[in-house]
Amino acid sequence: MRFLLAIVGLTLAFGAALFSTVSRESGNLWATLVLASAALLLAVIVGLTTVPYLARRVAGAGIRDAFDYDVTQAGIVYVAIVLVIGIAALNTGNNLLYIVVAALLAAILVSGVASAMVLRDLELDVRLPEHVFAGRAMLGRIVVRNPRRWWPSFSVNVVSLKKERAAKHWQWMPTTFAVPPGRPLGKQWIQFRDYKLRRIPKAEAPPRIFEGAAYFPYLPAGSELKADLELRFDRRGCYQQKSFGLATRFPFAFLTKTRHVALTREIIVYPRVEPADEFFEVLPMITGEFETFMRGRGDDLYLIREYMPEDSARHVDWKATAKSGSLKVREFSREDERKLRIVFDNPAQGVISEQAYEDVIALAASLSWHFAGGNTDISFVSQSYSGEPDIYRFLSHLAVAQPQPLPSVVERLQPSDDYNIIVTTRPRGGIPTALWACSYFVFVGPK
């Protein structure tokens, strides 16, 4: 259909050009102007709407997906100037104007060939940081290599490709046609199966990593250039990008030609670990409870306190006793037994709001990050988490965690030598009694 429309359009343009010549010979200036303009306009419409489509149809998939073309403002002005000069050439029949039009069109061709040579054979690499936290600025690195021996590249941009429009997926779905339509099934006069075309929504793609641009004005032959790019992610989650673009406007800036580079990159963005107000509220209480639980007879002095009848005389601090006039004993902490267990009890969908859920994730991540940096043997527990004591693995789990209708992890949690910090949405009455003596609970309710 497009091919037939192109033939019709070109035929009309050719006929208008012939009639414009006849009108010029007869001395009708206005008819010549209108017909010549119509011929050029039809040819331009066919060239812009039909020829690229047919070219994509006959080209291979690799060539078809290799480049994108965007006309710049300078290109639009340039094409308008070419059209004006072309109309003047048709109206006057001046050979010099035809030569000027041909030279201007040749400049467009030269621009396309030169830009393709600039982007040819360039290699791209995107290096991402290993650990990324939401809300923190991190540096990534873009590396562009020019492996050619003689030909340099000019004015190259590394860009993120435009988001693809959601494709319209249509599918024939079975339905029943009945007359009259309001009666119950089996009481209609006429009933037969039919098919209706319905649109199937497309699954949303994961958010992309790279949205900016890195500019390289000159890439010498056989060289490698690098550019640091600041990355900042506002939300936790998995970010993925399957392709990037190398773009240039060289040499005349008529077109922005973008070459697709298939390069898959994926990054896990951890939740925010910046202390929030809720974190500062619970941290002193958690620290105090934990230190009280960890009191023992180790090597590091924990505190000097009043003598109790059950204390051994060998722990009496005689200097402190002499200064205060009353018996004082030294109490030590058991650093070899400082075991802490962070428990994130993932709630089901709808128990708390979306914002409250994100706050709970951030609180669990902040507590884990805070205590992982101390002299503590730390472990982690959550639904669908294997329990590995690596802080980054647990943060990766929290980064992609979503509300799940799974049994509460508190129900299967057994008391041990570990001190538990439990973040849960369960009511206080639903907590096993045995856990109260060795745990600190952060209760989260609906907001």
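- The two residues A213 and N157 make their nearest non-hydrogen contact at CB-OD1, 4.3 Å.
- Ring geometry for F252 versus F254: interplanar angle of 30 to 60°, hence tilted.
- The six-membered or imidazole ring of Y270 lies away from that of W369, with a centre-to-centre distance of 6.0 Å or more.
- In this structure, E306 and K328 have side chains that are in contact, with non-hydrogen atoms separated by less than 4.5 Å.
- Within the structure, no pair that satisfies the side-chain hydrogen bond (donor to acceptor under 3.5 Å, both in side chains) test touches residues 72-85, not counting sequence neighbours.
- Annotation: side chain of E266 is in contact with side chain of C238 (closest heavy-atom distance under 4.5 Å).
- Residues A227 and A214 share a closest heavy-atom pair of CB-CB, 4.3 Å.
- To the nearest 0.5 Å, atoms CG (L413) and CZ (R341) are separated by 4.5 Å.
- Counting heavy atoms from C-beta on, the side chains of V158 and L246 come closer than 4.5 Å.
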### Chi angles and distances behind the side-chain contact (heavy atoms from CB on, under 4.5 Å) call for L122, R148
CA-CA 8 Å; L122 293 183; R148 296 173 299 201; 4.1 Å; yes
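- Between the E123 side chain and the R145 main chain, no donor and acceptor come within less than 3.5 Å of each other.
- Looking at D345 and Q383, their side chains do bring a donor and an acceptor atom within 3.5 Å of each other.
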_Before you tell me yes or no, could you show the steps for F344 and Y385 under side-chain contact (heavy atoms from CB on, under 4.5 Å), namely the whole-Å CA-CA distance, both residues' side-chain angles and the distance that decides it to 0.1 Å?_
CA-CA 10 Å; F344 173 63; Y385 182 71; over 6 Å; no
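- Considering every non-hydrogen atom in both L104 and I85, the closest pair reads CD1-CD1, 3.7 Å.
- Of the possible polar contacts, one joining the S324 side chain to the S326 backbone as a donor-acceptor pair under 3.5 Å is found.
- Proximity of a side-chain donor or acceptor of N146 to a complementary backbone N or O of S223 within less than 3.5 Å is not detected.
- A 4.5 Å side-chain heavy-atom check between L139 and P129 finds every atom pair outside the cut-off.
- For the 3.5 Å distance criterion, the side chains of T256 and R249 qualify, holding a donor opposite an acceptor.
- No side-chain heavy atom of I391 sits under 4.5 Å from any side-chain heavy atom of I378.
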| said: Pair F244, S160 - check side-chain contact (heavy atoms from CB on, under 4.5 Å), show working. | reply: CA-CA 5 Å; F244 296 82; S160 178; 5.7 Å; no
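- Closest approach of R265 to L128, counting heavy atoms only: CB-CD1, 4.0 Å.
- Side-chain contact between V126 and F210: absent, with no pair of heavy atoms (C-beta onward) separated by less than 4.5 Å.
- Residues I352 and P347 come closest through the heavy atom pair CD1-CG, 4.2 Å.
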Practice item. Would you sort out whether L398 and R236 count as a side-chain contact (heavy atoms from CB on, under 4.5 Å), showing the intermediate values? Key: CA-CA 9 Å; L398 294 178; R236 64 183 178 91; over 6 Å; no
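- A salt bridge between E358 and R272 is absent, with no side-chain N of the basic residue lying under 4.0 Å from a carboxylate O of the acidic one.
- Put simply, the side chain of S111 never gets that close to the backbone of A107: no donor and acceptor are under 3.5 Å apart.
- The aromatic rings of Y218 and F154 are tilted relative to each other, their planes meeting at an angle between 30° and 60°.
- A heavy-atom distance below 4.5 Å is found between the side chains of S155 and Y215.
- Formation of a donor-acceptor pair under 3.5 Å by the T425 side chain with backbone atoms of V444 is not found in this model.
- K242 approaches Q240 most closely through the heavy-atom pair CE-OE1, 3.7 Å.
- Annotation: the span from R127 atom CZ to D228 atom CG amounts to 10.5 Å, rounded to 0.5 Å.
- T424 contributes atom OG1, which lies 10.0 Å from atom CG of N346 (distance to the nearest 0.5 angstrom).
- Distance check, rounded to the nearest 0.5 Å: NZ of K257 to CG of D68 gives 11.0 Å.
- In this structure, R259 does not pair ionically with D121, as no charged nitrogen and carboxylate oxygen lie closer than 4.0 Å.
- By the 4.5 Å heavy-atom criterion applied to side chains, L435 and V410 are counted as neighbours.
- Interatomic distance, CZ of F250 versus OG of S153, reported as 9.0 Å (0.5 Å rounding).
- Here the CZ-CD1 distance, from F441 to I431, works out to 4.5 Å after rounding to the nearest 0.5 Å.
- The main-chain N or O of R232 is never found under 3.5 Å from a side-chain atom of R136 such that the two would form a donor-acceptor pair.
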